[in-house]
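Please read the structure below before turning to the comments.
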Amino acid sequence: AGRQLGTRVLKGQASPDGRLREAFRLVCARRPSTKELGILRRALDRSTKAFGNDAVAKQYLAEGGTPPDAALNPRELAAYASVCLAILNLDEAMTRE
């Protein structure tokens with residue numbers, strides 16, 4: 001699910017902030033606050049560093065039932081997939097009040 005959402009925002013938005021905002025909005029049905037966007041930016045930075053080479057990124061993306069989109073940079077997709085998975089795991093995403 002994180003990889004699918006990451007693919008969607010990579011294809012649909014040009015800027016990193018736009019991608020993070022869109023992923024958050026799709027999952028939580030609202031825009032992230034300035035503080036939340038800052039947290040997402042830091043998470044993306046950490047993920048980008050963690051997937052510093054194609055081999056690590058491709059191994060991460062190999063999990064799941066469908067292959068990743070070959071047109072996308074595997075390191076970038078892995079970083080966004082990781083952040084999107086974190087968004088999907090927020091309490092707000094799992095609980096509707």
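Basis for what follows: all heavy atoms, side chains included, without hydrogens, waters or symmetry-related copies.
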Name all residues meeting the side-chain contact (heavy atoms from CB on, under 4.5 Å) criterion together with [X]; count only those two or more places apart in sequence or in a different chain, and write none if there are none.
X	answer
K49	none
R46	R42, A43
R41	D17, L20, L37

For [X], give me all partners under side-chain hydrogen bond (donor to acceptor under 3.5 Å, both in side chains), at least two apart in sequence or on another chain.
X	value
R3	T66
N89	none
T34	none

Output every pair passing ring-ring contact (aromatic ring centres under 6.0 Å, His included) with a member in [range], not counting sequence neighbours, ordered by first then second residue.
range	result
residues 43-77	F51-Y60
residues 22-43	none
residues 27-50	none

Apply side chain to side chain contact (heavy atoms under 4.5 Å, CB included) to V27 and L90, showing your working.
-> CA-CA 9 Å; V27 174; L90 292 172; over 6 Å; no
Distance, nearest 0.5 Å, that separates CZ of R21 from CD of Q13 = 9.5 Å
Is there a chain of hydrophobic side chains (I, L, V, M, F, W, Y, each step under 4.5 Å between heavy atoms) that links V9 to I39?
-> no
With sequence neighbours left out, what residues match K58 under salt bridge (Lys or Arg N to Asp or Glu O under 4.0 Å)?
-> none
Excluding sequence neighbours, so at least two apart, what forms salt bridge (Lys or Arg N to Asp or Glu O under 4.0 Å) with R25?
-> E22
Tell me which donor-acceptor pairs under 3.5 Å the side chains of residues 70-87 have, and how far apart each pair is, sequence neighbours excluded?
| from | atom 1 | to | atom 2 | distance (Å) |
| --- | --- | --- | --- | --- |
| N73 | OD1 | R75 | N | 2.8 |
| N73 | OD1 | E76 | N | 3.1 |
| R75 | NE | D54 | OD1 | 2.9 |
| E76 | OE2 | R19 | NH1 | 3.0 |
| S82 | OG | S47 | OG | 3.3 |

